[in-house]
Number of protein chains: 2
Amino acid sequence: CVAQENARYINPFIGTDNMGHTFPGAVVPFGMVQLSPDTDTVPYSSGQGYNPDVYRYCAGYQYTDPTIVGFSHTHLHGTGHSDLGDFLLMPVTGEPKLNPGTATYPETGYRSRYDKNTEIAQAGYYAVTLTDYDIRAELTTTPRVGIHQYTFNGEQPGALILDMVHGIYNYDGKVIWSSVRVVNDTLVTGYRQTNGWARERFIYFAMSFSRPITEYSLRNEEKEIYGGFWRRWEMNRNFPERSGRKVKAWFKFGLKQSDKLLVKMAISPVSEQGALLNLKSEAPHGSFGLYRADAFRAWNTEANRLTIDAGDEQKVVFYTALYHSLIHPSIYADVDGRYRGLDHEIHQGDGFTNYSIFSLWDTFRALHPWLTLMYPGEASDMVNSMLAHYDQSAHSILPVWSHYANDNWCMIGYHAVPVIADAWVKGIRGFDGQKALKAMVRSASYRPYEGLGDYMDKGYVPAEKSGSSASVTLEYAYDDYTISRMAVALGDSAIAQAFRTRSQNFEHLF
Amino acid sequence: CVAQENARYINPFIGTDNMGHTFPGAVVPFGMVQLSPDTDTVPYSSGQGYNPDVYRYCAGYQYTDPTIVGFSHTHLHGTGHSDLGDFLLMPVTGEPKLNPGTATYPETGYRSRYDKNTEIAQAGYYAVTLTDYDIRAELTTTPRVGIHQYTFNGEQPGALILDMVHGIYNYDGKVIWSSVRVVNDTLVTGYRQTNGWARERFIYFAMSFSRPITEYSLRNEEKEIYGGFWRRWEMNRNFPERSGRKVKAWFKFGLKQSDKLLVKMAISPVSEQGALLNLKSEAPHGSFGLYRADAFRAWNTEANRLTIDAGDEQKVVFYTALYHSLIHPSIYADVDGRYRGLDHEIHQGDGFTNYSIFSLWDTFRALHPWLTLMYPGEASDMVNSMLAHYDQSAHSILPVWSHYANDNWCMIGYHAVPVIADAWVKGIRGFDGQKALKAMVRSASYRPYEGLGDYMDKGYVPAEKSGSSASVTLEYAYDDYTISRMAVALGDSAIAQAFRTRSQNFEHLF
């Protein structure tokens with residue numbers, strides 16, 4: 001018998017053109033790393049207000065773009081606003097440049113043209129040939145560690161760029177702070193803290209190389225008001241620590257023609273030590289092929305759970321849609337269960353793996369009901385993550401849009417509520433139902449939240465209190481109905497009755 | 001018999017005029033909090049280079065200044081460059097203003113004139129009457145918790161200002177980021193991250209009030225490029241979380257004439273939870289008088305260890321000098337022993353209390369030999385803190401100037417070396433001698449450090465390699481001699497001989 005390999009039908013290029021907002025790079029189911037090429041540096045703002053062109057770059061990639069800026073480790077999938085693009089690496093040859101250059105004149109910076117015919121995207125794998133440097137770049141990943149294999153086919157000596165400033169929906173000042181440290185000749189750690197859709201996001205890394213660094217340069221391109229006594233050092237060459245708002249670096253490894261460089265970059269929401277733990281735990285060996293096979297197998301396991309009787313084209317659509325349904329929410333915790341909470345503190349996941357990226361207005365209708373059916377364990381972890389968010393919230397409410405230890409407050413409703421109710425009525429019992437009900441009622445009763453005080457008093461959100469008052473009223477009423485259902489299941493008839501009544505509020509719109 | 005009270009001779013005003021660079025506020029021996037009035041807002045730079053007037057404000061206070069801006073919790077004592085001034089509180093009356101105003105026109109901001117005749121500074125206690133508001137302000141402290149008692153004698157309703165932007169040696173952008181959260185009606189937490197002399201310093205707080213907050217406003221005065229979806233909230237009134245680069249706040253408590261407000265602000269190098277732990281551990285009760293008595297007793301215990309036969313004026317000089325000798329180095333750890341390391345990671349003090357503020361070029365000659373004689377336990381902790389710094393250093397060297405999880409690299413020499421050698425030869429054995437010797441040799445052999453490669457090759461630091469080449473050579477030679485002594489004590493004759501030889505390098509200057 002031939003092993004079933006439904007993951008072969010996954011085509012990560014689907015949705016990467018125009019406004020699909022998907023990325024073609026490597027990810028595993030619910031993985032914290034989404035390692036993917038970024039094809040431009042279009043900013044969210046150049047300081048003069050919103051730049052509408054940025055919307056094309058929600059996932060960092062446009063299929064028809066002529067150049068690749070580099071490969072970064074975090075990407076949002078399917079969102080209509082964006083962030084991330086953390087820790088961009090770019091392999092180059094010749095004397096390293098630290099600016100990305102432009103799409104029109106890529107040779108002015110480190111970016112490269114690429115050969116579209118050489119580009120491959122499969123479940124857990126991406127590859128491309130960077131023609132300006134004659135480098136074959138291959139990417140795969142574990143849940144928390146991005147794996148890069150670069151083959152330097154050009155004649156010029158190779159190097160690696162690390163750009164701590166690069167980001168999606170970027171603008172001057174988006175990087176609040178960053179830091180890079182060369183720990184030894186095969187290990188570099190660092191972190192950055194960013195503003196933007198997530199107001200205050202920290203992300204750490206630990207990066208190891210298959211060859212020792214022979215020479216490196218960490219720079220800060222910021223114009224510093226305060227220079228201080230660091231000036232005593234010769235900081236631009238082989239100086240092992242650099243912090244600031246515009247940190248960039250290059251590393252050389254004595255790379256000659258045909259040499260390969262394997263780079264493993266672990267990320268962490270907690271600390272550099274957390275990233276190092278993830279690196280050691282998930283990426284202990286140096287075989288790119290094995291990591292790639294593991295990533296494919298992870299997708300294949302999920303794809304093989306569903307068999308459909310259809311032609312290949314339909315299978316591609318189906319299994320790619322399945323793939324797209326298992327990217328977010330994403331794990332947001334180190335292998336030891338520690339994670340950064342909404343209160344900026346480090347927490348230990350207590351009997352659950354912490355998840356983030358709950359874009360709930362988008363996902364309460366279809367994605368979460370799908371997950372509660374097919375992934376009850378993960379769905380339970382997600383509810384526990386929402387309850388932790390509630391515990392850590394300055395408002396004591398459930399997430400509206402959980403965005404890596406932030407709530408970005410995007411869109412309307414309190415749609416964690418139907419997600420939790422759905423999990424409970426489908427029999428998922430991995431979380432505390434009474435606590436969940438309390439959190440749901442609290443979230444549905446937080447008067448400062450968009451028109452909610454009026455909704456509670458009047459039975460509707462007045463148009464003068466919200467630009468989407470009808471939608472808001474409708475969605476609150478829907479959410480209220482699910483609280484009622486949850487309360488019935490828990491035998492709390494008072495709450496059940498109260499929210500059953502509230503759920504009729506949509507009638508006030510007519 | 002009458003209890004000896006030598007702490008009565010301590011006069012914290014000594015050195016507060018002109019260039020003494022001392023502060024008059026409340027501190028306990030080696031305490032992490034130095035709670036003291038700041039009398040102006042002179043910046044380090046307004047963006048056009050160094051402002052020499054700032055030098056008068058190294059400790060935040062000038063005796064003859066006419067106004068007090070507020071009371072902040074961290075101050076350097078005796079330094080010739082500066083930083084800190086974290087978490088400024090100012091009690092006010094009437095409608096709160098969030099800008100500090102100017103010395104000439106204090107009424108344009110929250111600062112106040114004060115009555116010099118009402119100002120008291122004693123060991124662990126400071127008090128003043130703020131005449132613009134008719135508020136009596138009293139300060140005392142525990143090691144990690146500043147205690148404020150404000151008596152509102154004016155007719156206007158009282159309020160409290162929290163200015164997260166205020167700082168010593170300030171400039172635009174010095175506050176990298178800050179955050180304030182109202183946890184409940186008597187508890188506020190937050191943190192800030194600053195640039196400057198310490199390139200990347202984090203400090204957290206937890207602040208409790210003796211009366212519930214009735215109304216508050218957290219503001220961010222930054223011009224934000226990215227506003228995002230926080231705009232859905234009414235953020236300026238009773239909204240419990242605010243982050244940004246220019247965060248300020250006011251709190252009201254329904255204060256009427258003659259009401260008192262007790263404020264306890266704990267700080268932490270680790271986290272808001274760490275600050276809360278410090279608050280609960282060190283400041284469990286609400287009696288300002290008891291905290292004040294405890295702080296005085298702490299100083300009295302130290303002062304009573306030394307009895308001198310002298311007149312009162314000499315006693316004032318003597319005991320105030322004693323007092324000044326026990327302010328820095330300072331504890332830099334929470335009550336549970338956790339602290340922020342030089343590697344940005346959170347560490348547990350393993351059998352020692354972590355210290356920082358090692359201004360070693362200033363202190364290796366007299367202060368540390370004094371501490372090794374009189375405070376061997378603390379001196380041992382300090383050496384262990386230096387060895388932890390060495391472990392956490394990207395350069396694997398001992399501190400030059402340990403500045404709250406940073407090395408600010410100020411001044412010359414590797415003067416942790418003589419401090420450690422002095423501790424060892426005086427018989428202090430609370431640290432690992434072999435490890436210490438290794439760290440000393442490593443620090444004395446780190447070629448990129450100021451002229452050290454040349455010194456090792458040529459026996460002197462050439463003038464073209466250092467603007468203070470003669471001093472540097474002399475001090476390296478001195479430090480080398482102490483390595484030799486330490487090696488002799490440890491029976492390592494090879495190191496002893498090598499550094500004995502190196503210690504003769506000063507002869508090359510002649």
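Since we're looking at a predicted model, the values are computed, not measured. Order of the sequence lines sets the chain letters (A, B, ...), proteins ahead of strands, with each chain counted from 1.
- Residues His344(A) and Tyr204(B) place their aromatic rings such that the two centres sit no closer than 6.0 Å.
- Looking at Asp407(A), the atoms closer than 4.5 Å to chain B (heavy atoms on both sides) all sit in the backbone: N, CA, C or O.
- If you tally non-hydrogen atom pairs under 4.5 Å between each of Arg199(A), Gln193(A), His81(A) and chain B, the highest count goes to Arg199(A).
- For Ser179(A), the part lying under 4.5 angstrom from a heavy atom of chain B is the side chain only.
- When only modelled atom types and interatomic distance are considered, Glu200(B) and Trp177(A) share a side-chain donor-acceptor pair under 3.5 Å.
- Heavy atoms of Trp197(A) lying under 4.5 Å from chain B belong to its backbone as well as its side chain.
- A donor-acceptor distance shorter than 3.5 angstrom exists from the side chain of Glu345(A) to the backbone of Gln273(B), with no hydrogens or angles considered.
- Chosen from Asp343(A), Val183(A), Val182(A), the residue pairing most often with chain B at heavy-atom distances under 4.5 Å is Asp343(A).
- There is no contact between Gln48(A) and chain B, counting heavy-atom distances below 4.5 Å.
- Annotation for Arg181(A) and Ser393(B): closest pair NH1-C, 3.8 Å, computed over non-hydrogen atoms.
- In this structure, the portion of Arg245(A) lying under 4.5 Å from any heavy atom of chain B is its side chain and not its backbone.
- Only the side chain of Ser45(A) has a heavy atom closer than 4.5 Å to any heavy atom of chain B.
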